[in-house]
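Heads up: the structure comes next, in structure tokens.
Along the sequence shown, residues are numbered consecutively beginning with 1.
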Amino acid sequence: MSFVADPRVDAYIETLPEWQQAICRQVRELVHEADPDVTETVKRRVRPYFVLDGNICALLGTKQAVDIFLYDGAMVPDPEGIITGGHDNKSARMIAVHEGETLNAPALLAMFREIVSNNRAGGWRKLQRESP
């Protein structure tokens with residue numbers, strides 16, 4: 001898959017341990033697969049964000065995991081149970097992937113596609129207001 005890579009995102013990923021780099025690159029590929037119009041940027045000085053009509057996700061390498069923050073307003077279903085944190089958060093939830101764990105790529109791709117669809121429909125805040 002080809003996409004326009006933001007060199008600041010590359011620079012961030014390259015600072016991480018190899019196992020975290022691999023996860024970040026996999027997430028990056030998946031979010032671009034979800035929609036070819038996704039763009040990359042850096043917010044909060046160094047954190048990679050993937051956006052399309054709003055935030056889709058952000059990456060953060062920690063000492064023990066790669067945290068993938070999903071900006072979905074807790075609207076996107078999680079039938080595979082891949083969400084590991086932020087279950088009660090009103091704006092974002094998180095998937096923590098630890099060394100040696102396998103990312104559930106099909107489930108994450110489905111979530112990215114739904115977040116993009118919600119963003120294109122006006123964003124989760126608008127959709128929640130319109131929901132009965």
Side-chain angles (χ1 to χ4, degrees):
M1 161 162 275
S2 76
F3 54 86
V4 177
D6 186 319
R8 299 170 301 168
V9 173
D10 289 321
Y12 177 83
I13 291 172
E14 290 169 7
T15 67
L16 301 172
E18 283 191 35
W19 69 270
Q20 289 183 333
Q21 289 181 31
I23 292 167
C24 288
R25 288 185 180 115
Q26 186 180 12
V27 170
R28 186 185 212 181
E29 290 286 333
L30 288 170
V31 75
H32 284 287
E33 183 179 339
D35 193 297
D37 292 332
V38 168
T39 58
E40 302 181 358
T41 190
V42 169
K43 297 182 182 183
R44 292 168 176 65
R45 295 184 309 174
V46 297
R47 188 171 301 163
Y49 274 73
F50 300 89
V51 298
L52 178 60
D53 295 330
N55 292 331
I56 300 166
C57 72
L59 297 173
L60 176 64
T62 68
K63 289 184 180 188
Q64 298 179 338
V66 171
D67 294 339
I68 307 160
F69 296 94
L70 303 175
Y71 292 92
D72 69 341
M75 289 182 66
V76 175
D78 181 22
E80 301 284 331
I82 65 173
I83 300 293
T84 60
H87 292 94
D88 296 325
N89 193 308
K90 301 267 191 243
S91 61
R93 295 181 290 172
M94 180 186 75
I95 300 166
V97 183
H98 298 87
E99 187 171 10
E101 292 181 344
T102 302
L103 182 65
N104 185 334
L108 185 56
L109 177 59
M111 293 180 93
F112 284 157
R113 286 183 172 147
E114 189 149 351
I115 293 168
V116 167
S117 176
N118 289 346
N119 283 359
R120 287 183 181 264
W124 62 265
R125 285 181 176 92
K126 177 184 178 201
L127 294 174
Q128 283 181 337
R129 281 193 308 270
E130 294 173 354
S131 179

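For the pair Tyr49 (side chain) and Arg44 (backbone), a donor-acceptor distance under 3.5 Å is absent. A donor-acceptor distance shorter than 3.5 angstrom exists from the side chain of Gln20 to the backbone of Thr62, with no hydrogens or angles considered. The closest donor-acceptor contact from the side chain of Thr39 to the backbone of Leu52 lies at 3.5 Å or more, if one exists at all. One N or O on the side chain of Asn119 and one on the backbone of Asn55 form a donor-acceptor pair closer than 3.5 Å. For the pair Gln128 (side chain) and Gly73 (backbone), a donor-acceptor distance under 3.5 Å is present. Side chain of Asp78 to main chain of Ile82: a donor-acceptor pair is present (N/O by atom type, distance under 3.5 Å, no hydrogens or angles).
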Practice problem: Begin from the C-alpha positions of Tyr12 and Leu60 and carry the test side-chain contact (heavy atoms from CB on, under 4.5 Å) through to its verdict. | Solution: CA-CA 9 Å; Tyr12 177 83; Leu60 176 64; 3.7 Å; yes
Quiz item: Given the rule in the salt bridge (Lys or Arg N to Asp or Glu O under 4.0 Å) test, do Asp67 and Arg47 qualify, once you have shown the distances and angles that lead to the verdict?
Solution: CA-CA 11 Å; Asp67 294 339; Arg47 188 171 301 163; over 6 Å; no
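Two residues are said to be in side-chain contact when any heavy atoms from C-beta on lie closer than 4.5 Å; Glu33 and Val38 fail this criterion. Annotation: side chain of Glu80 is not in contact with side chain of Pro106 (no heavy-atom distance under 4.5 Å). Within the 4.5 Å cutoff, the side chain of His98 has no heavy atoms near those of the Thr84 side chain. Between Leu59 and Ile68 there is a side-chain heavy-atom pair separated by less than 4.5 Å. Two residues are said to be in side-chain contact when any heavy atoms from C-beta on lie closer than 4.5 Å; Arg120 and Asp35 meet this criterion. Contact of the Glu40 side chain with the Val4 side chain is not registered, since no non-hydrogen atoms from C-beta on lie closer than 4.5 Å. Considering only heavy atoms from C-beta on, Val66 stays 4.5 Å or farther from Leu103 through its side chain.
The CZ atom of Arg113 sits 14.0 Å away from atom CE of Met111, with the distance rounded to the nearest 0.5 Å. One finds the CD1 atom of Ile115 at 4.5 Å from the CG atom of Asp72 (value rounded to the nearest 0.5 Å). For the atom pair CD1 (Ile95) and SG (Cys57), the distance works out to 9.0 Å, reported to the nearest 0.5 Å. Here the CE-CG distance, from Met94 to Asn89, works out to 10.5 Å after rounding to the nearest 0.5 Å. Residue Ser117 holds its OG atom at 11.0 Å from CG of Asp53, rounded to the nearest 0.5 Å. We find the CD-CG distance between Gln26 and Leu109 to be 10.5 Å, quoted to the nearest 0.5 Å.
Minimum interatomic distance between Arg93 and Val76 (heavy atoms only, all atoms of both residues): NH2-O, 2.6 Å. The shortest non-hydrogen separation linking Ala65 to Trp19 is CA-CH2, 3.7 Å. Of all the heavy atoms in Gln21 and Ile13, the pair that sits closest is CG-O, 3.0 Å. Closest approach of Arg45 to Val42, counting heavy atoms only: O-CG1, 3.4 Å. Between Arg28 and Asp6 the shortest heavy-atom distance is NH2-O, 3.7 Å. Residues Leu16 and Gly61 come closest through the heavy atom pair CD2-CA, 4.0 Å.
Around the NZ atom of Lys43, the shell of radius 6.0 Å holds more than 12 heavy atoms that belong to other residues, nucleotides or ligands.
Ring geometry for His32 against Phe3 counts as parallel: the plane angle stays under 30°, on a 0 to 90° scale with 60° as the upper cut.
Separation of the Phe112 and Phe50 ring centroids does not fall under the 6.0 Å cut-off.
Hydrophobic clustering (side-chain heavy atoms under 4.5 Å, transitive across Ile, Leu, Val, Met, Phe, Trp, Tyr) keeps Trp124 apart from Leu70.
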